[in-house]
Amino acid sequence: MGSTTDKLIKGGAFVIDDLDLNRMFVPEDITDEQKMMAKTTEDYIRKEVLPHKEELEKQDLELTKKLLKKAGDLGLLGADVPEAYGGIGLDKISSSLITEKFAPAGSFSLSYGAHVGIGSLPIVLFGTEEQKKKYLPGLATGTKFAAYALTEPGSGSDARGAKATAKLNDEGTHYILNGEKQWITNSGFADVFVVYAKIDGEQFSAFIVEKEFVGVSTGAEEKKMGIKASSTRTLILEDVKVPKENLLGEAGRGHIIAFNILNIGRYKLAVGVVGACKRGLELAAKYANERKQFKQPIAKFSLIQNKLANMAVRTYATETSVYRTVGLFADRLDTFTEEDERDGKKVADAIAEYAIECSLNKVFASEALDFVADEAVQIHGGYGYMSEYEVETIYRDSRINRIFEGTNEINRLIVPGTLLKKAMKGELPLLQKAQTLQEELMMLMPEQPGVAPLDKEKYLLKNAKKIFLMVAGLGAQKFGKDLENEQELLSNVADIVGDIYTMESVIARAEKSLEKAGEAKSEHKLLMTEVFTQEAFQNIEKLAKESLAAIEEGDSLRMMLSALKKMTRFEPANLIEKKRRIAASVLAEERYTV
Amino acid sequence: MNILVLLKQTFDTEENIVIENGQISEENVEFIMNPYDEYAVEEAVKIKEEIGAEITAITLGPSRTASALRTALAMGADQAVLIEWDEQEADEWTASNLIAAVVKNRDFDLILGGNMAIDSGSGQVAIRVAEKLGIPHVSTITKLTLNDGTATVERDVEGDVEIVEIQLPFLATTQQGLNEPRYPSLPGIMKAKKKPLKTFSVEELSLENEDVTTATVIIDQYLPAKKQAGQILEGELQDQVSELVQILQNAAKVV
């Protein structure tokens, strides 16, 4: 087992290593069986859920429960629960496909996501044998529903600042919980809550709290900008007697659970966003073909085509990097024995290895969807502003994604922070690489990339990795420990790293396709890869320039800028023309297509 | 009780049809089980749940066709048979010969199949199979009740209902309204992986050459012409009438 683990890709290693193509999962690798599971989900959403969308949007929670139960009957709630506890224990690719296919259901998919994800997973991953046997069979089949209660009025991003308390009673049989948890998804109908509170006001810990326990109540439904189908209330705990067996994980180790669940919440959010982006693109493409102005469909106007192409490219980039990440977990989990699989902590560790990738996906995906939703509304013109049109809902629903599961700002800060930690621990040879690069920078000569497909993109990717090392290395050198106070710089580094991850993902997907299907059948992927890579690289250049100016000054700044210039010299392709071609495919198919 | 279900894999109903070099392009196309065949599978599974049955799903086509069989297995069929056919789509003659060759050596009490294929519009294959096997058949059924050795069947006859009593074994083709096909559940999909799927090559069926040679030839395939925008005549009634006559005679050339 040790030797297998060694071969696994390390989290964050992509910033310095070259990617082995065969190690990257691409959506083209999805098996027939996985497709069948996706189709069952799609059929369920189309036939059972979409006809009720209007009632769901009016927050008919009884209906929500009924539909979730139906999903449970099909096995859709048990994907991440091992068979031993009443679930189906699917691989992570299948479970992600299911999450993606829920997206067209709008915020009903959030009720689903909160239940199977942050609601059930803490018990799956950190529950004792007894806790798992007691709670999971109901949760996996939809006879019981779960919610997750971390946030409080006074503690959001700073989760450990929670005020809720737990105190062991004199008999030593129960913890007495008091406090208020805010914005709890599914709170209106959940039977089981995973609640964080501090034992004796100090030890941050997680508890399984049942709705039926005396002293548990919920506040009024919140009035929200979007995601209106989902239930969001305050959870109120007043002297709630929680049996001490319901302590989840160890006392004082609640942050471990919270950290792991956030990682999972982040990648699952990104997976859901892939589905929402595809839906937005599909609606916009259909509308552009239908809507006539100046005696022709607006799809004929190249400015509309340009928007559709931008939406398609971001959707492609999101899908590719998200499934690459899921593939990383899947690879690690594949080495697991059945016993390992039942050991939730091991599963959580396998995912936590990729905390950086999870944060990058969360940020990139949520911002991609905001872009896609915004342009989908724009293509619909005035109609897009009207509630009868689905894009209006998508637009409102999208906005929360940049806020929950850790704001995008927090997630950006996590990226360089975690990279640095890994470097300090010796897990990633970042410092050595930065050193070598500094020597290389002195005698850098601009290069001329080849002309074969993807040659230029691979060249830009190589240079992007160098630019990252230059900026991050100089920043660390200049600010040392104080770097953590330079949040703008850290955020820039996170964006550079994010662009690198996504560039590499799309390039590798296109290259895999070139190898397997040939150039003609990879045309659309190549076009989207060229567009994404060029734009991401130009963004990296801009971020690097701003960062260098904040780190260096005088002669050394001029020297670094000149090195940057050499690394960023390339002949830009005609993206306007490429985007027209991308749009042509999108408009012909009236949906996301690769 | 042994039930055989005949099914076909077709284009997803939401696919755009693209013709390239005179052939329908299969590029990027999603394939599904022919929706009418879903009624047949569902009915078989319902019978299995009520009185017990062994269900075998049968189809022919290229290797991708196996996924339609897997769907049937995931819905509840017990085993599947794929007759490998890589050439241009088999016509009703060939398809029914191949299927009959597989079926004739098997025990069966009931054969079900969709009443037509949504892609080619063909509704002959199942009925031809019944003829070749020398068993009775009843088409477009909307209700099936099994009694002891017989069945009462309701069939859709142009909007009216005809009730037929029939002796087992027989073949029936299924029509919309018969039942509500289930989606393959996730546990069902997992189980399907382990169920037997047997593949036959055409040679293994030892048929005469003419039996496996298509009897029909596709001469041309083309998409329906794009609908022209309608034309609204304006002006005095008198003028409109003469303009209409003029159009009918000269432009549309129908009178």
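Each chain gets a letter, A, B and so on, in the order the sequences are listed, and its residues count up from 1.
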Is the closest basic N to carboxylate O distance between Arg591(A) and Glu15(B) below 4.0 Å?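 Here Arg591(A) pairs with Glu15(B) in a salt bridge, since their nearest N and O are under 4.0 Å apart.
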- Message: Out of the candidates Met36(A), Lys47(A), Lys39(A), only one should pair with Tyr183(B) under the side-chain contact (heavy atoms from CB on, under 4.5 Å) rule; please name it.
- Response: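 Answer to the side-chain contact (heavy atoms from CB on, under 4.5 Å) test with Tyr183(B) among Met36(A), Lys47(A), Lys39(A): Lys47(A).
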Which heavy-atom pair separates [X] from [Y] by the least distance, and what is that distance?
{"X": "Gly75(A)", "Y": "Pro187(B)", "answer": "CA-CD, 4.1 Å"}
{"X": "Leu186(B)", "Y": "Met37(A)", "answer": "CG-SD, 4.0 Å"}
{"X": "Ser185(B)", "Y": "Asp73(A)", "answer": "CB-O, 4.4 Å"}

Practice prompt. Look only at the side chain of Thr40(A) and the backbone of Pro184(B), and say whether a donor-acceptor pair between them is shorter than 3.5 Å.
Written response: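 Yes; at least one donor-acceptor contact below 3.5 Å.
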So with a 6.0 Å cut-off around [atom1] of [X], is the heavy-atom count from everything else above 12?
{"X": "Gln296(A)", "atom1": "CD", "result": "yes"}
{"X": "Gln240(B)", "atom1": "CD", "result": "yes"}
{"X": "Glu236(B)", "atom1": "CD", "result": "no"}

When the 4.5 angstrom heavy-atom criterion is applied to Glu42(A) and chain B, the contacting part is neither
Point to revise | Contacting region of Ala192(B) [heavy-atom separation from chain A under 4.5 Å] | key: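 It is neither, since no heavy atom gets under 4.5 Å.
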Rounded to the nearest 0.5 angstrom, the CD-CZ distance for Glu33(A) and Arg70(B) is 8.5 Å
Requested in this report: Calculate, to the nearest 0.5 Å, the distance between atoms CZ and CD belonging to Arg46(A) and Glu14(B) respectively.
Outcome: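 Arg46(A) atom CZ to Glu14(B) atom CD measures 5.5 Å (nearest 0.5 Å).
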Heavy atoms, side chains only, cut-off 4.5 Å: are Leu90(A) and Met190(B) in contact?
yes
Note: vs chain B, highest number of non-hydrogen pairs under 4.5 angstrom among Thr41(A), Thr593(A), Asp32(A), Asp43(A) is Asp43(A)
